[in-house]
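Reviewing the structure listed below.
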Amino acid sequence: MRNKIYIVGIGPGREEMMTAEALHVLEQAEVIVGYTFYLKLLGERFQGKEWLSTPMRQEAERCRLCFAEAQKGKKVALVCSGDAGIYGLASLMYEIGKAYPETKLAVIAGVTAASSGAAVLGAPLNHDFCTVSLSDLLTPWDRIEKRLQAAAEADFVIVLYNPSSRKRNDYLLRACDILLRSIEQERACGYVENIGREGTRAETCTLLELRDRTVNMFTTVFIGNSGSEIVNGRLITRRGYHI
Ligand code: SAH
(Lines give C-alpha, C1' and ligand atoms only; values in the text may rest on other atoms or scores of the structure.)
Protein backbone atom coordinates (compact mmCIF):
# COMPACT_ATOMS: atom_id res chain seq x y z
CA MET A 1 0.00 0.00 0.00
CA ARG A 2 3.05 2.32 -0.02
CA ASN A 3 2.60 5.31 -2.29
CA LYS A 4 -0.70 3.89 -3.41
CA ILE A 5 -4.03 5.43 -2.54
CA TYR A 6 -7.21 3.41 -2.31
CA ILE A 7 -10.36 5.25 -3.25
CA VAL A 8 -13.01 3.39 -1.34
CA GLY A 9 -16.77 3.38 -1.73
CA ILE A 10 -18.17 2.47 1.67
CA GLY A 11 -21.77 1.87 0.55
CA PRO A 12 -24.79 3.74 1.88
CA GLY A 13 -24.20 3.52 5.61
CA ARG A 14 -23.93 0.53 7.89
CA GLU A 15 -20.73 -1.46 7.87
CA GLU A 16 -22.57 -4.62 6.75
CA MET A 17 -23.40 -2.86 3.50
CA MET A 18 -19.74 -2.36 2.67
CA THR A 19 -17.97 -4.90 0.47
CA ALA A 20 -15.47 -7.26 2.10
CA GLU A 21 -12.78 -5.72 -0.14
CA ALA A 22 -13.55 -2.22 1.15
CA LEU A 23 -13.45 -3.44 4.76
CA HIS A 24 -10.12 -5.14 4.15
CA VAL A 25 -8.56 -2.03 2.56
CA LEU A 26 -9.77 0.22 5.41
CA GLU A 27 -8.37 -2.20 7.97
CA GLN A 28 -4.96 -2.02 6.29
CA ALA A 29 -5.00 1.79 6.00
CA GLU A 30 -3.04 3.98 8.40
CA VAL A 31 -4.74 7.20 7.37
CA ILE A 32 -8.37 7.49 6.30
CA VAL A 33 -9.41 10.69 4.52
CA GLY A 34 -13.08 11.67 4.34
CA TYR A 35 -15.94 13.39 6.10
CA THR A 36 -15.96 12.73 9.83
CA PHE A 37 -19.66 11.92 9.36
CA TYR A 38 -18.54 8.65 7.73
CA LEU A 39 -16.36 7.87 10.73
CA LYS A 40 -19.54 7.90 12.83
CA LEU A 41 -21.21 5.50 10.39
CA LEU A 42 -18.31 3.06 10.47
CA GLY A 43 -17.92 0.48 13.18
CA GLU A 44 -15.72 0.43 16.28
CA ARG A 45 -12.76 -1.08 14.47
CA PHE A 46 -12.00 2.12 12.55
CA GLN A 47 -12.29 4.53 15.44
CA GLY A 48 -8.59 4.20 16.32
CA LYS A 49 -7.33 5.12 12.83
CA GLU A 50 -5.79 8.47 11.99
CA TRP A 51 -8.66 10.34 10.35
CA LEU A 52 -8.17 13.46 8.22
CA SER A 53 -10.78 15.68 6.66
CA THR A 54 -11.40 19.02 4.96
CA PRO A 55 -14.63 21.05 5.08
CA MET A 56 -17.50 20.44 2.65
CA ARG A 57 -16.93 21.76 -0.88
CA GLN A 58 -13.14 21.49 -0.50
CA GLU A 59 -12.92 18.30 -2.51
CA ALA A 60 -9.71 19.16 -4.40
CA GLU A 61 -7.95 19.94 -1.11
CA ARG A 62 -9.14 16.61 0.28
CA CYS A 63 -7.63 14.82 -2.72
CA ARG A 64 -4.32 16.69 -2.41
CA LEU A 65 -4.20 15.76 1.25
CA CYS A 66 -4.29 12.09 0.20
CA PHE A 67 -1.32 12.53 -2.13
CA ALA A 68 0.64 14.42 0.55
CA GLU A 69 0.04 11.61 3.07
CA ALA A 70 0.91 8.90 0.55
CA GLN A 71 4.16 10.65 -0.24
CA LYS A 72 5.07 10.57 3.47
CA GLY A 73 4.90 6.80 3.12
CA LYS A 74 1.53 6.37 4.84
CA LYS A 75 -1.06 3.79 3.75
CA VAL A 76 -3.92 6.01 2.64
CA ALA A 77 -7.60 5.35 1.94
CA LEU A 78 -9.98 8.02 0.73
CA VAL A 79 -13.58 7.18 1.60
CA CYS A 80 -16.71 8.22 -0.29
CA SER A 81 -20.28 7.16 0.38
CA GLY A 82 -21.85 4.63 -1.98
CA ASP A 83 -19.47 4.13 -4.90
CA ALA A 84 -16.54 6.56 -5.21
CA GLY A 85 -16.86 6.51 -9.00
CA ILE A 86 -20.53 7.59 -8.98
CA TYR A 87 -20.81 11.29 -8.12
CA GLY A 88 -17.76 10.70 -5.91
CA LEU A 89 -14.11 11.70 -5.88
CA ALA A 90 -12.59 8.91 -7.98
CA SER A 91 -12.21 10.87 -11.22
CA LEU A 92 -10.95 14.01 -9.45
CA MET A 93 -8.26 11.84 -7.82
CA TYR A 94 -7.11 10.71 -11.27
CA GLU A 95 -7.14 14.29 -12.57
CA ILE A 96 -5.10 15.61 -9.63
CA GLY A 97 -2.98 12.45 -9.79
CA LYS A 98 -1.49 13.60 -13.11
CA ALA A 99 0.83 15.77 -11.01
CA TYR A 100 1.85 12.76 -8.86
CA PRO A 101 2.85 10.08 -11.41
CA GLU A 102 4.73 8.07 -8.79
CA THR A 103 1.57 7.52 -6.72
CA LYS A 104 -0.67 4.63 -7.79
CA LEU A 105 -4.43 4.76 -7.44
CA ALA A 106 -6.96 1.97 -7.02
CA VAL A 107 -10.74 2.31 -6.87
CA ILE A 108 -12.65 -0.10 -4.65
CA ALA A 109 -16.27 -0.46 -5.76
CA GLY A 110 -19.09 0.27 -3.34
CA VAL A 111 -22.85 -0.19 -3.33
CA THR A 112 -24.30 2.98 -4.84
CA ALA A 113 -27.52 4.59 -3.58
CA ALA A 114 -29.39 3.58 -6.77
CA SER A 115 -28.73 -0.04 -5.97
CA SER A 116 -29.22 0.03 -2.20
CA GLY A 117 -32.30 2.26 -2.50
CA ALA A 118 -33.80 0.02 -5.19
CA ALA A 119 -33.48 -2.94 -2.84
CA VAL A 120 -35.42 -1.07 -0.14
CA LEU A 121 -38.19 -0.10 -2.59
CA GLY A 122 -38.53 -3.48 -4.30
CA ALA A 123 -37.13 -3.93 -7.81
CA PRO A 124 -37.46 -0.65 -9.70
CA LEU A 125 -34.25 -0.97 -11.76
CA ASN A 126 -35.01 -4.26 -13.41
CA HIS A 127 -34.71 -2.77 -16.88
CA ASP A 128 -32.68 -0.02 -18.57
CA PHE A 129 -32.17 2.90 -16.23
CA CYS A 130 -30.12 6.05 -15.95
CA THR A 131 -29.07 8.31 -13.13
CA VAL A 132 -29.28 12.10 -13.12
CA SER A 133 -27.91 14.32 -10.39
CA LEU A 134 -30.01 17.42 -9.74
CA SER A 135 -27.05 19.28 -8.28
CA ASP A 136 -26.14 22.27 -10.43
CA LEU A 137 -22.98 23.06 -8.48
CA LEU A 138 -20.79 21.45 -11.16
CA THR A 139 -23.30 20.99 -14.02
CA PRO A 140 -25.33 23.83 -15.58
CA TRP A 141 -29.09 23.43 -14.98
CA ASP A 142 -29.94 23.55 -18.69
CA ARG A 143 -27.86 20.42 -19.27
CA ILE A 144 -29.60 18.67 -16.37
CA GLU A 145 -32.93 19.68 -17.90
CA LYS A 146 -31.89 18.28 -21.31
CA ARG A 147 -30.85 14.97 -19.77
CA LEU A 148 -34.11 14.64 -17.85
CA GLN A 149 -36.10 15.33 -20.99
CA ALA A 150 -34.09 12.81 -23.03
CA ALA A 151 -34.31 10.15 -20.32
CA ALA A 152 -38.07 10.58 -20.11
CA GLU A 153 -38.47 10.36 -23.88
CA ALA A 154 -36.29 7.23 -24.02
CA ASP A 155 -38.45 5.50 -21.38
CA PHE A 156 -35.59 4.92 -18.95
CA VAL A 157 -36.24 4.31 -15.28
CA ILE A 158 -34.65 7.44 -13.83
CA VAL A 159 -32.78 7.63 -10.55
CA LEU A 160 -32.33 11.13 -9.16
CA TYR A 161 -29.34 11.79 -6.95
CA ASN A 162 -28.96 15.07 -5.04
CA PRO A 163 -32.70 15.88 -5.30
CA SER A 164 -32.50 18.68 -2.76
CA SER A 165 -30.27 20.79 -0.56
CA ARG A 166 -30.76 23.76 1.72
CA LYS A 167 -30.33 26.17 -1.17
CA ARG A 168 -32.17 24.07 -3.76
CA ASN A 169 -35.38 22.91 -2.10
CA ASP A 170 -37.55 23.22 -5.24
CA TYR A 171 -35.32 21.20 -7.60
CA LEU A 172 -37.36 18.03 -7.35
CA LEU A 173 -40.49 19.99 -8.25
CA ARG A 174 -38.69 21.54 -11.22
CA ALA A 175 -37.44 18.14 -12.37
CA CYS A 176 -40.92 16.62 -12.08
CA ASP A 177 -42.38 19.42 -14.19
CA ILE A 178 -39.89 18.64 -16.94
CA LEU A 179 -40.65 14.91 -16.75
CA LEU A 180 -44.40 15.57 -16.76
CA ARG A 181 -44.06 17.05 -20.25
CA SER A 182 -43.62 13.54 -21.62
CA ILE A 183 -44.60 11.14 -18.80
CA GLU A 184 -48.15 10.60 -17.56
CA GLN A 185 -49.14 11.91 -14.10
CA GLU A 186 -49.89 8.40 -12.75
CA ARG A 187 -46.37 7.05 -13.43
CA ALA A 188 -45.18 4.86 -10.51
CA CYS A 189 -42.39 6.50 -8.47
CA GLY A 190 -40.69 6.07 -5.13
CA TYR A 191 -38.00 7.53 -2.92
CA VAL A 192 -35.84 6.39 -0.03
CA GLU A 193 -34.35 8.52 2.70
CA ASN A 194 -31.35 7.45 4.82
CA ILE A 195 -30.67 4.17 3.06
CA GLY A 196 -28.69 1.85 5.32
CA ARG A 197 -28.73 4.41 8.12
CA GLU A 198 -30.87 5.16 11.13
CA GLY A 199 -34.27 6.49 10.06
CA THR A 200 -34.59 4.69 6.70
CA ARG A 201 -37.88 5.76 5.15
CA ALA A 202 -39.29 4.60 1.82
CA GLU A 203 -42.38 5.94 0.04
CA THR A 204 -44.10 5.11 -3.21
CA CYS A 205 -46.31 7.57 -5.10
CA THR A 206 -47.29 8.81 -8.54
CA LEU A 207 -45.18 11.30 -10.50
CA LEU A 208 -47.77 14.01 -9.87
CA GLU A 209 -47.64 13.31 -6.12
CA LEU A 210 -43.85 13.27 -6.18
CA ARG A 211 -43.90 16.80 -7.53
CA ASP A 212 -45.20 18.11 -4.21
CA ARG A 213 -43.16 15.93 -1.87
CA THR A 214 -40.41 17.44 0.24
CA VAL A 215 -37.23 15.40 0.25
CA ASN A 216 -33.88 16.08 1.85
CA MET A 217 -30.32 15.68 0.60
CA PHE A 218 -30.10 12.13 1.99
CA THR A 219 -32.82 10.93 -0.37
CA THR A 220 -32.64 9.01 -3.64
CA VAL A 221 -35.64 9.28 -5.96
CA PHE A 222 -36.87 6.71 -8.49
CA ILE A 223 -39.14 7.45 -11.46
CA GLY A 224 -40.47 4.28 -13.04
CA ASN A 225 -40.65 3.57 -16.76
CA SER A 226 -43.76 2.55 -18.70
CA GLY A 227 -43.36 -1.00 -17.34
CA SER A 228 -43.20 0.02 -13.67
CA GLU A 229 -45.96 -0.50 -11.13
CA ILE A 230 -46.58 -0.50 -7.41
CA VAL A 231 -47.26 -4.01 -6.12
CA ASN A 232 -48.21 -4.31 -2.44
CA GLY A 233 -46.46 -1.05 -1.69
CA ARG A 234 -43.32 -2.07 -3.59
CA LEU A 235 -42.05 -0.28 -6.70
CA ILE A 236 -41.15 -2.76 -9.42
CA THR A 237 -40.23 -2.54 -13.09
CA ARG A 238 -41.35 -5.46 -15.20
CA ARG A 239 -38.64 -7.02 -17.28
CA GLY A 240 -41.04 -8.38 -19.84
CA TYR A 241 -41.32 -12.07 -18.92
CA HIS A 242 -44.53 -13.77 -20.02
CA ILE A 243 -46.14 -15.33 -16.98
N1 SAH B 1 -21.24 8.30 -4.31
C2 SAH B 1 -22.60 8.23 -3.81
C3 SAH B 1 -23.44 9.39 -4.32
C4 SAH B 1 -23.01 10.74 -3.81
S5 SAH B 1 -24.06 12.04 -4.37
C6 SAH B 1 -23.24 6.89 -4.18
O7 SAH B 1 -22.67 6.18 -5.01
O8 SAH B 1 -24.27 6.56 -3.60
C9 SAH B 1 -25.07 12.28 -2.94
C10 SAH B 1 -26.47 11.77 -3.20
O11 SAH B 1 -26.48 10.34 -3.19
C12 SAH B 1 -27.50 12.17 -2.15
O13 SAH B 1 -28.02 13.46 -2.38
C14 SAH B 1 -28.54 11.10 -2.33
O15 SAH B 1 -29.35 11.36 -3.47
C16 SAH B 1 -27.69 9.87 -2.64
N17 SAH B 1 -27.37 9.11 -1.42
C18 SAH B 1 -26.13 8.78 -1.00
N19 SAH B 1 -26.18 8.06 0.15
C20 SAH B 1 -27.51 7.91 0.45
C21 SAH B 1 -28.21 7.27 1.51
N22 SAH B 1 -27.57 6.61 2.49
N23 SAH B 1 -29.57 7.34 1.50
C24 SAH B 1 -30.22 7.98 0.51
N25 SAH B 1 -29.61 8.60 -0.50
C26 SAH B 1 -28.26 8.58 -0.55
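In listed order, ligands and their atoms are each counted from 1. Every heavy atom of this structure was used, including side-chain atoms; hydrogens, water molecules and symmetry mates were not.
Counting only N and O atoms by type, the side chains of Q149 and E153 include a donor and acceptor under 3.5 Å apart. Under the 3.5 Å distance criterion, with hydrogens and angles disregarded, a donor-acceptor pair is assigned to the side chains of N3 and T103.
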### Message
Apply side chain to side chain donor-acceptor pair (under 3.5 Å) to residues N162 and S133 and explain how you reach the verdict.
### Response
CA-CA 5 Å; N162 296 303; S133 166; 3.0 Å; yes
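Applying the under-4.5 Å side-chain rule to Ile, Leu, Val, Met, Phe, Trp and Tyr, the cluster around M17 consists of that residue alone.
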Compile the donor-acceptor pairs under 3.5 Å between side chains in residues 118-131 and protein atoms, sequence neighbours left out, one pair per line.
| residue | atom | partner | partner atom | Å |
| --- | --- | --- | --- | --- |
| T131 | OG1 | Y87 | OH | 2.9 |

Side-chain donor-acceptor pairs under 3.5 Å in residues 33-41, sequence neighbours left out?
| residue | atom | partner | partner atom | Å |
| --- | --- | --- | --- | --- |
| Y35 | OH | R62 | NH2 | 3.4 |

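Residues lining ligand 1 at a heavy-atom distance below 4.0 Å are given as P12, S81, G82, D83, I86, Y87, T112, A113, Y161, N162, P163, V192, N194, I195, R197, M217, F218, T219, T220, ordered by chain and residue number.
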